[in-house]
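Taking it in order: structure first as structure tokens, then the write-up.
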Number of protein chains: 2
Amino acid sequence: MKAAYVQNGEVLVGEIADPVPGKGQALVRTHSCGLCASDAHFLTGGKNIIALSRRLGGPYAALDFERPFVPGHEYVGEVLDYGPGSRRTVRPGRKVTSVPIMRQGGSHAVVGFSHQCPGGFGELMLLDEDFILEVPDGLPDEYAAMIEPLAVGLEHARRGRPQPGDAALVIGCGAIGLGVIAGLKLMGVAPIIAADFHQSRRDLAVAMGAHIAVDPREVNAYAPLPDFGGRQANLIYECVGLPGMLQRIIESAPFDGRIVMGGYCMEEEPFFVFAAQNKRLNVQFAGGEEPQDMDLALRSIADGSIDVTPWLGSRIGLGGVADAIANVSGPGTPVRTVIDPRML
Amino acid sequence: MKAAYVQNGEVLVGEIADPVPGKGQALVRTHSCGLCASDAHFLTGGKNIIALSRRLGGPYAALDFERPFVPGHEYVGEVLDYGPGSRRTVRPGRKVTSVPIMRQGGSHAVVGFSHQCPGGFGELMLLDEDFILEVPDGLPDEYAAMIEPLAVGLEHARRGRPQPGDAALVIGCGAIGLGVIAGLKLMGVAPIIAADFHQSRRDLAVAMGAHIAVDPREVNAYAPLPDFGGRQANLIYECVGLPGMLQRIIESAPFDGRIVMGGYCMEEEPFFVFAAQNKRLNVQFAGGEEPQDMDLALRSIADGSIDVTPWLGSRIGLGGVADAIANVSGPGTPVRTVIDPRML
């Protein structure tokens with residue numbers, strides 16, 4: 001099959017072996033796949049990232065830096081067939097997505113970070129038939145490709161266990177932060193404060209449901225809010241993923257504040273325990289989505305209760321992947337570029 | 001008055017000015033005061049500790065390294081009088097203790113870490129009359145001096161919000177860890193696993209209510225427990241306070257585990273956010289006791305439901321403070337040395 005693959009930290013486009021489905025595996029023709037910052041992260045720090053994942057757990061543990069793998073974990077595709085002995089949970093021809101996990105024996109692979117389970121930047125994929133979710137007929141592919149990144153934000157939002165009276169602050173308005181905002185809005189949290197350096201992202205935050213969007217260099221995001229009875233942010237979502245964020249949040253958070261660490265940072269994070277103790281803070285580490293989050297993301301996108309239209313940038317073919325990965329971040333880039341591996 | 005005081009990181013004994021109670025302040029003659037590791041911590045790293053406390057909050061923020069202050073925040077004493085205009089909440093002659101906080105305007109001082117509010121290593125103290133707790137007549141002074149350190153452990157225990165089914169692991173069996181164990185036992189948590197390098201401390205842990213006590217160099221404290229249905233520690237209390245503990249716990253904790261950071265560490269703590277995210281861990285930072293914890297500690301010691309007899313080491317006068325602080329830690333030292341500032 002044709003694929004954009006990564007080898008030795010470089011993005012290449014070419015032919016690689018078609019994946020062959022085993023028992024319990026669906027063979028899927030990819031229609032669309034979103035490009036995530038974590039796809040870019042590997043290119044610059046791959047060897048270290050693999051070593052850390054092996055020592056401490058993480059999606060990159062099974063990768064060999066020098067062998068090719070096909071990235072892409074925000075996919076939608078069409079079921080072609082199943083491996084022998086499968087239950088055939090969704091009939092061929094239907095469009096599906098899934099949580100990017102493939103069970104293997106007692107363990108699992110991460111689709112898109114695996115040599116065995118190619119991701120959505122290739123023409124063909126293997127998905128765990130027990131995890132596939134049928135995508136409604138009328139939902140365009142690029143919307144379906146947003147289910148996975150939205151589900152990550154929905155997971156983070158619920159891990160914060162919002163309570164009546166909470167004032168939420170979402171720091172960083174990339175796809176994950178925007179998904180957190182959408183999730184908090186669904187849960188009825190108010191106010192939702194968004195913080196981002198860039199006006200374009202603050203506008204998106206408001207479109208997703210934030211009541212207030214600030215540039216944290218100019219406005220103290222923790223200040224009392226006159227329009228909300230003087231309340232202050234006490235439930236803080238970190239969606240940036242740069243080292244030093246935790247300590248900064250600790251210094252600004254109020255007594256009894258709760259912090260949800262969503263940004264996936266693979267560098268060491270230094271902070272002062274006593275500073276967090278002085279305020280009796282709670283830190284919940286949020287991971288990736290679970291099937292319930294995928295379900296909610298799919299339903300919310302399909303019924304329009306969460307509109308991801310403003311997330312969508314251009315639709316590119318395999319030949320554009322290297323450039324798109326190199327420019328994945330920054331105020332001028334769309335929240336999501338979508339790759340169609342049927343295009344070159 | 002006579003006092004053991006600290007100046008420029010040295011312990012000195014001598015005369016200092018008697019404190020004069022203001023409105024809302026009780027003047028108290030100290031009977032006994034426990035010696036805490038945090039009293040020792042200041043001697044070695046005082047300047048840095050003050051600077052950090054000023055920047056990030058903490059009990060040392062109000063201290064001037066070069067000016068004398070009287071330590072001691074685990075005290076019991078006898079009310080002598082009150083400042084003018086006080087409510088005189090407890091009558092003179094009664095024995096009292098308190099949470100070591102003195103309100104001052106809109107702010108507060110920490111008794112024993114303040115130039116204005118001398119701690120229990122001096123003959124006289126000032127206590128906030130709204131925070132004083134009357135100590136029952138029959139309770140010996142050295143037991144009453146254990147109320148405060150026990151209350152810290154009780155606070156940590158409750159901050160972990162134990163749930164049915166939790167298996168608790170308490171790492172570090174100093175006074176705080178032992179207090180956590182006592183608190184968990186009161187709450188009916190089982191099993192309680194204690195981890196400490198030293199046999200004498202493991203014995204104390206069992207005396208306080210731990211079901212299992214292990215040397216973590218020899219036994220994996222997170223292993224399934226056959227006597228408890230194969231359950232594994234999922235509620236982990238850090239009571240050591242050395243940098244690196246959080247990362248070690250993250251590496252060993254199970255999925256969805258909860259960590260309570262009790263040890264008061266003023267050095268930078270490095271860890272990997274993604275390693276905690278992979279397991280969806282929750283970290284609750286525990287601080288110091290609140291009045292409700294002091295109440296429970298007092299009642300539990302007084303009615304014998306928590307027996308602190310094994311904590312008690314020797315009773316010394318002011319002349320012994322410097323040596324006792326220099327030797328505050330280690331397997332051979334008692335959990336608590338008690339200072340009687342009426343003795344030299």
Side-chain angles (χ1 to χ4, degrees), chain A residues 38 41 48-49 52-53 55-61 110 152 155-156 158-161 238 240-248 250-253 255-288 290, chain B residues 38 41 48-49 52-53 55-61 110 152 155-156 158-161 238 240-248 250-253 255-288 290:
Chain A
S38 65
H41 197 197
N48 183 43
I49 284 172
L52 281 172
S53 279
R55 184 156 74 82
L56 303 172
Y60 307 91
V110 182
V152 175
E155 188 260 1
H156 295 359
R158 79 174 158 85
R159 289 255 173 222
R161 297 184 305 278
E238 196 292 310
V240 174
L242 290 175
M245 288 302 298
L246 180 59
Q247 179 61 29
R248 277 200 247 176
I250 288 170
E251 292 179 32
S252 304
F255 194 90
D256 259 339
R258 285 134 58 211
I259 301 166
V260 178
M261 292 297 287
Y264 199 77
C265 176
M266 294 201 62
E267 291 167 73
E268 209 168 45
E269 176 83 16
F271 80 108
F272 286 101
V273 168
F274 79 94
Q277 290 173 323
N278 291 337
K279 295 177 175 176
R280 318 291 194 269
L281 300 179
N282 185 279
V283 179
Q284 174 66 53
F285 293 91
E290 294 175 36
Chain B
S38 65
H41 196 198
N48 183 43
I49 284 172
L52 283 172
S53 279
R55 185 157 73 84
L56 303 172
Y60 307 91
V110 182
V152 176
E155 187 260 2
H156 295 0
R158 79 173 159 84
R159 289 254 172 221
R161 298 182 304 277
E238 196 292 310
V240 174
L242 290 175
M245 287 302 298
L246 179 59
Q247 179 61 28
R248 276 199 248 175
I250 288 170
E251 291 178 32
S252 304
F255 194 91
D256 260 339
R258 284 136 58 211
I259 302 166
V260 178
M261 293 298 286
Y264 199 78
C265 177
M266 293 202 63
E267 292 167 72
E268 208 167 46
E269 177 82 17
F271 80 109
F272 285 101
V273 167
F274 78 95
Q277 288 173 324
N278 291 337
K279 295 177 175 177
R280 317 292 194 267
L281 300 179
N282 184 278
V283 179
Q284 174 65 52
F285 293 91
E290 294 175 37

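Order of the sequence lines sets the chain letters (A, B, ...), proteins ahead of strands, with each chain counted from 1. All heavy atoms count here, side chains included; hydrogens, waters and symmetry mates do not.
Between A:Y60 and B:F274, a ring centre-to-centre spacing not shorter than 6.0 Å is recorded.
By the side-chain contact (heavy atoms from CB on, under 4.5 Å) test, A:S252 pairs with A:Y222, sequence neighbours left out.
The candidate with the highest count of non-hydrogen atom pairs below 4.5 Å against chain B, out of A:R159, A:Q247, A:E155, A:M261, is A:R159. The candidate with the highest count of non-hydrogen atom pairs below 4.5 Å against chain B, out of A:M266, A:E251, A:K279, is A:M266. Interface check for chain B: of the options A:I250, A:I259, A:V260, A:L281, the most heavy-atom pairs under 4.5 Å are formed by A:L281. Contact tally against chain A (heavy-atom pairs below 4.5 Å) for B:A275, B:P243, B:G263: the top residue is B:G263.
Contact annotation for B:R258: neither backbone nor side-chain heavy atoms come within less than 4.5 Å of a heavy atom of chain A. Both the backbone and the side chain of B:Q284 come within less than 4.5 Å of a heavy atom of chain A. For B:A286, the part lying under 4.5 angstrom from a heavy atom of chain A is the backbone only. With a 4.5 angstrom heavy-atom cutoff, B:L246 touches chain A only via side-chain atoms.
Within the structure, every pair that satisfies the side-chain hydrogen bond (donor to acceptor under 3.5 Å, both in side chains) test and touches residues 262-276 of chain A, not counting sequence neighbours, is listed here: A:Y264-B:N278.
Remark: B:Q277 CD to A:H156 NE2 distance equals 6.5 Å, nearest 0.5 Å.
Of all heavy-atom pairs between B:R55 and A:F272, the closest is NH2-CE1, 3.9 Å. Between B:V273 and A:F285, the shortest heavy-atom distance links the atoms O-CD2, 4.0 Å.
For B:R248, the CZ atom counts as loosely surrounded, since its 6.0 Å shell holds 12 or fewer non-hydrogen atoms of other residues, nucleotides or ligands.
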